[in-house]
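Contents: one structure, followed by commentary.
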Amino acid sequence: MAAGGGGEQGSAVLELPRGPRLVCVEYPGLIYADPGKRLELYFRPKDPYCHPVCANRFPTSSMLFKVKRKTRRKQLEAEGETQQEVKFEMEVLGVVSTVYKFQGMSDFQYLAMHSGPENKQISMYDKILMLKPEKEEFFNRELPLYIPPPIFSRLDTPIDYFYRPDVQHRDGYNNPQVSCENLIGLSRARRPHNAIFVNFDDDDIPTKPLEPAVQTWQKVCTNPVDKKVEEELRKLFEIRPVWSRNAVKANISVHPDKLKLLLPYLAYYMLTGPWRSLWVRYGYDPRKHPEAKIYQVLDFRIRCGMKYGYAPSDMPVKAKRSTYNYSLPITIKKPVSHTVSVQDLKHGLDPASTSSAKKPASSRYKLKDSIYIFQEGDLPPYRQMFYQLCDLNVDSLQKIIHRNDGMETECTERDGWCLQKTSDDLRDTMSLMIKHIIRATRPALFSSTSNAEDGKERLAYDFGEEEEEDEEEEDFKPSDGSENEMETEILDYV
């Protein structure tokens, strides 16, 4: 309601309306906000390479007033003078519960320029920005290299960085046996999981686990559930001597923290070669058995590109993270990882066991079969997958793998026991199968490229959006280490 006062010194009583809740943005301009991201302000909105200033969201208890000052002039007949009468009208438009404040600094800006004759700066925007459909000549032009990073600074507020001194270990500590070449800041002790790492060019392979690995597992294995899991994993390695960690998770229901202790107890880890990132049964050397080629790993990534009719955003397999949508870390509230105590491990439980009690105990931690098996007609769950050749359940793919059966003569680090470029042939065939699935799912994407030769189509890698191979469990989140699963798994033991 409106209220008036007799003069500038007057006061008014206003009724607080039950009107809309308002949001205050401390910037004079039109705002288009995404509730899932920080509020971004672009000083050059038409420049796609402009790095924004970000605003943080804060709660507040404020009101938005509308104040009118009305002045009325009266002519006094007796004295011939003019008298002013001032009246204020006030109205509460709403309650402000949220405010966005631009308190950070702008990120470094990198303009699309290059040095021409006489060091004159020449703009490249008309050469690198595609504002309309262009012909092939547009993409084949010779241009100076211009690849700016999506963001320069991880933080937009100045902080004092206090460097830590070198860690002083106890007497008897030895640094991990890794190469000191290009090694920076080796100060953390090795994780006490006692896994054995083997390179492809190592002469010998281990036949038994390290004694600390045996003691650690025996200390944790104190209930019938753990002993049952151990027997199930032993049977898996008897049936198949080489397994990936995700394949184990899809066949056995075991807590991830216990699996980290159980795998080094029964197998060693291959770092390089055709069986890299896989766990191999103790005493088994796949380099000496030609039949072990079916256990080799295939690093497969879904290919995509605009020149083939669809962009990464059009793919049914969505990316979890992308370098093109990089957000400042201070804006993301990462879920707090629940620490598991020794007492929890002894009872086979975790802190979130109460929330996952609705799942049966036999499948509480199991992953889906699609996490390690490739089948015709199904899309992979992630854009980057690590398959073993025996898990490619397609006849045409198996023919490529077994085309040199009985003629294996040498095991190489790149192709193993298979023929040369077998991995390339498998990737091409799988990429063509996936494109057929996407074509059937979204035929409109391929309307302009339907006349292309399917047999010769090669899709360009989208290196900006490689996916981490992760578990599809509600109760367990992927690690925040690396986007590459092989590297992330190694970090669990190093």
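Just so you know, these numbers use all the heavy atoms, side chains as well, and skip hydrogens, waters and symmetry mates.
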Quiz item: Would one find more than 12 heavy atoms of other residues, nucleotides or ligands at under 6.0 Å from atom CD of Glu136?
Solution: no

Exercise. Take Tyr282 and Lys208 through the test side-chain contact (heavy atoms from CB on, under 4.5 Å) and record every step on the way to the result.
Key: CA-CA 6 Å; Tyr282 283 119; Lys208 61 180 181 179; 5.5 Å; no

Quiz item: Is any side-chain heavy atom of Tyr265 closer than 4.5 Å to a side-chain heavy atom of Cys221?
Solution: no

Exercise. Check Trp275 against Met270 and note the closest heavy-atom contact, atom names and distance.
Key: O-CB, 3.1 Å

Exercise. Heavy atoms only: give me the nearest Arg281-Tyr268 pair and the separation to one decimal.
Key: O-CE2, 3.5 Å

Self-check item: Approximate separation, where rounding is to 0.5 Å, of Tyr100 OH and Thr98 OG1
Solution: 6.5 Å

Quiz prompt | The single option from Trp243, Phe237, Tyr269 passing ring pair (Phe, Tyr, Trp, His ring centres under 6.0 Å) against Trp279 | solution = Tyr269

Quiz item: Of Val254, Leu262, Leu261, which is the lone residue that meets side-chain contact (heavy atoms from CB on, under 4.5 Å) with Lys258?
Solution: Val254

Quiz item: Just by modelled atom types, is the Gly104 backbone N or O under 3.5 Å from a matching donor or acceptor in the Thr157 side chain?
Solution: no

Quiz item: Can Lys399 and Asp425 be counted as an ion pair, charged N to O under 4.0 angstrom?
Solution: no

Quiz prompt | Ile128 side chain reached by Tyr49 side chain, heavy atoms, under 4.5 Å | solution = yes

Quiz item: Taking the side chain from Asn404 and the backbone from Trp417, do they hold a donor-acceptor pair closer than 3.5 Å?
Solution: yes

Quiz prompt | Value rounded to 0.5 Å, distance of CG in Asn393 from CD in Gln398 | solution = 7.0 Å

Quiz prompt | Among Lys421, Gln420, Arg427, the one residue meeting side chain to side chain donor-acceptor pair (under 3.5 Å) with Asp424 | solution = Arg427

Exercise. Search all heavy atoms of Gly377 against all heavy atoms of Ile437 and return the closest pair with its distance.
Key: C-CD1, 3.6 Å

Quiz item: So do the side chains of Leu233 and Leu263 get within less than 4.5 Å of each other, counting heavy atoms only?
Solution: yes

Practice problem: Output yes when a side-chain donor or acceptor of Gln215 lies under 3.5 Å from a complementary backbone atom of Ala213, and no otherwise. | Solution: no

Quiz item: Are any side-chain N or O atoms of His255 and backbone N or O atoms of Asp257, one a donor and one an acceptor, separated by less than 3.5 Å?
Solution: yes

Practice problem: Starting at NZ of Lys227, measure out to CD of Glu231 and round the result to the nearest 0.5 Å. | Solution: 10.0 Å

Quiz item: Should Pro48 and Leu129 count as side-chain neighbours, where that means a heavy-atom distance under 4.5 Å?
Solution: yes

Quiz prompt | Heavy-atom closest contact (Leu266 atom, Glu230 atom, distance) | solution = CD1-O, 4.2 Å

Quiz item: So do Tyr284 and Val242 actually touch side chain to side chain, heavy atoms under 4.5 Å?
Solution: yes

Quiz item: Is there a side-chain contact between Tyr295 and His289, using heavy atoms and a 4.5 Å cut-off?
Solution: no

Exercise. Check whether any side-chain heavy atom of Trp217 lies under 4.5 Å from a side-chain heavy atom of Pro264, and answer yes or no.
Key: no

Quiz item: Stepwise, does the side-chain contact (heavy atoms from CB on, under 4.5 Å) test hold for Val53 with Asp156?
Solution: CA-CA 8 Å; Val53 180; Asp156 59 354; over 6 Å; no

Quiz item: Under 3.5 Å, is there a donor-acceptor pair between the side chain of Asp285 and the main chain of Arg287?
Solution: yes

Quiz item: Would you find a donor on one side and an acceptor on the other, under 3.5 Å apart, between the side chain of Thr272 and the backbone of Phe200?
Solution: yes

Quiz item: Quick check: are there more than 12 heavy atoms from other residues, nucleotides or ligands sitting under 6.0 Å from OH of Tyr146?
Solution: yes

Self-check item: Non-hydrogen atoms of Tyr372 and Ala250 that approach each other most closely
Solution: CE2-CB, 3.5 Å

Quiz item: About how many Å separate CZ of Phe374 and CE of Met430, when rounded to the nearest 0.5 Å?
Solution: 4.0 Å

Quiz item: OG1 of Thr429 to CD1 of Ile434: how many Å apart, nearest 0.5 Å?
Solution: 11.0 Å

Exercise. Would you check if Asp47 and Tyr42 make a side-chain contact, meaning some heavy-atom pair closer than 4.5 Å?
Key: no

Practice problem: Take Asp395 and Glu376, measure what side-chain contact (heavy atoms from CB on, under 4.5 Å) needs, and give me the verdict at the end. | Solution: CA-CA 9 Å; Asp395 293 339; Glu376 189 172 6; over 6 Å; no

Quiz item: For the side chain of Gln388 and the backbone of Ile294, is there at least one donor-acceptor N/O pair under 3.5 Å apart?
Solution: no

Quiz item: So which heavy atom on Phe108 is nearest to which on His51, and how close?
Solution: O-ND1, 3.0 Å

Exercise. May I ask you to decide whether Asp428 forms a salt bridge with Arg303, counting only side-chain N to carboxylate O separations under 4.0 Å?
Key: yes

Quiz item: Does Asp299 offer a backbone N or O that forms a donor-acceptor pair with the side chain of Gln384 under 3.5 Å?
Solution: no

Quiz prompt | Under 3.5 Å donor-acceptor, Asp202 side chain and Asp204 backbone | solution = no

Self-check item: Side-chain donor/acceptor of Asp107 to backbone N/O of Phe152, under 3.5 Å
Solution: yes

Quiz item: Salt bridge check: are Lys293 and Asp415 linked by an N-O gap of less than 4.0 Å?
Solution: no

Quiz item: Salt bridge check: are Glu238 and Arg234 linked by an N-O gap of less than 4.0 Å?
Solution: no

Quiz item: CG of Leu419 to CD1 of Ile400: how many Å apart, nearest 0.5 Å?
Solution: 11.0 Å

Quiz prompt | Criterion side-chain contact (heavy atoms from CB on, under 4.5 Å) on Ser244 and Asp391, from CA distance to verdict | solution = CA-CA 11 Å; Ser244 66; Asp391 295 325; 5.7 Å; no

